[in-house]
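In this chain, numbering begins with 1 at the start of the sequence shown.
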Amino acid sequence: MTNKKDKEGKLLPDNQRLTLFGSYVRKFSLDELPQLINVLKGDMSLIGPRPLLFKYIPLYTDDQSRRHEVRPGITGWAQVNGRNSISWTRKFELDVSYVENISFSLDFKIFWLTILKIIQRDGINQSAERPMQPFNGKN
């Protein structure tokens, strides 16, 4: 991604800064591969709620914080049910649902649905301009 800015010095939307190579990497979710190192180290799991920015933690409700009861994952229930195209509220609901219903069969289902989503390239972006809106504790 480039650092191109508008006349006022603000960064342009992500879709206008994405290079051809970056577009290819994002399209096929190849940017997720380095996280396999974190899985091998034991810091992450293949399946679980996606890790979010630390700056969001103070914004979580008690219920949303439940997503931290399990190890974060490269893919999860929210990713196969909308990825970046769903609201933050829905994403947290799905993460908590995963925590409450964790099982081998659910992980197996998420794994195969992830493969399907990558092939279909479904739900990658929230809009034409942004992959995902920042979490503000309300959305």
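- Residue Leu40 is not grouped with residue Ile47 when hydrophobic side chains (ILVMFWY) are merged at heavy-atom distances under 4.5 angstrom, including chains of intermediate members.
- Applying the salt bridge (Lys or Arg N to Asp or Glu O under 4.0 Å) test to residues at least two apart or on different chains, the pairs with a partner in residues 98-108 are Arg66-Glu100.
- Residue Trp112 is grouped with residue Leu106 when hydrophobic side chains (ILVMFWY) are merged at heavy-atom distances under 4.5 angstrom, including chains of intermediate members.
- Residues forming a side-chain hydrogen bond (donor to acceptor under 3.5 Å, both in side chains) with Arg71 (at least two apart in sequence, or on another chain): none.
- Annotation: side-chain contact (heavy atoms from CB on, under 4.5 Å) contacts of Phe54 (sequence neighbours excluded): Ile57.
- In this structure, CG on Leu113 lies 10.5 Å from CZ on Phe108, to the nearest 0.5 angstrom.
- Counting only residues at least two apart or on different chains, the side-chain hydrogen bond (donor to acceptor under 3.5 Å, both in side chains) pairs with a member in residues 34-55 are Glu32-Gln35, Glu32-Arg50, Gln35-Arg50, Lys41-Asp43.
- Around atom CG of Leu20, no more than 12 heavy atoms belonging to other residues, nucleotides or ligands sit under 6.0 Å away.
- Thr114 places a side-chain N or O within 3.5 Å of a backbone atom of Ile110 that can act as its donor or acceptor partner.
- You'll find the side chain of Phe92 stays beyond 4.5 Å of the side chain of Asp63, heavy atoms only.
- Checking side-chain atoms of Ser23 against main-chain N and O of Thr19 turns up no donor-acceptor pair under 3.5 Å.
- Inter-residue side-chain proximity for Leu33 and Leu36 is flagged as met; some heavy-atom pair is nearer than 4.5 Å.
- Linking Ile, Leu, Val, Met, Phe, Trp and Tyr residues whenever their side-chain heavy atoms come within less than 4.5 Å places Val80 and Met44 in a single cluster.
- Surrounding CG of Leu53 are more than 12 heavy atoms belonging to other residues, nucleotides or ligands, all under 6.0 Å away.
- Listed by first then second residue, pairs satisfying side-chain hydrogen bond (donor to acceptor under 3.5 Å, both in side chains) with a partner in residues 1-10 number zero, not counting sequence neighbours.
- Taking CD of Glu93 as the start and CG of Asp95 as the end, the distance is 10.0 Å to the nearest 0.5 Å.
- Scored by the side-chain hydrogen bond (donor to acceptor under 3.5 Å, both in side chains) test, Ser105 finds Ser103 as partners (sequence neighbours excluded).
- Every pair passing ring-ring contact (aromatic ring centres under 6.0 Å, His included) that includes a residue from residues 61-81 is listed here, sequence neighbours excluded: Tyr60-His68.
- Summarising the geometry of Gly73 relative to Pro51, their closest heavy-atom pair is O-CD, 3.5 Å, with the distance given to 0.1 Å.
- Evaluation of the ring pair (Phe, Tyr, Trp, His ring centres under 6.0 Å) rule for Tyr56 yields Trp88, Phe135 as partners, not counting sequence neighbours.
- The minimum heavy-atom distance between Ile86 and Ala78, with the atom names listed, is CD1-O, 3.9 Å.
- Residues forming a side-chain hydrogen bond (donor to acceptor under 3.5 Å, both in side chains) with Asn81 (at least two apart in sequence, or on another chain): none.
- Residues Tyr98 and Pro49 share a closest heavy-atom pair of CD2-CD, 3.9 Å.
- Within the 4.5 Å cutoff, the side chain of Arg67 has heavy atoms near those of the Leu52 side chain.
- Smallest separation of non-hydrogen atoms from Val39 and Leu46: CG2-N, 4.1 Å.
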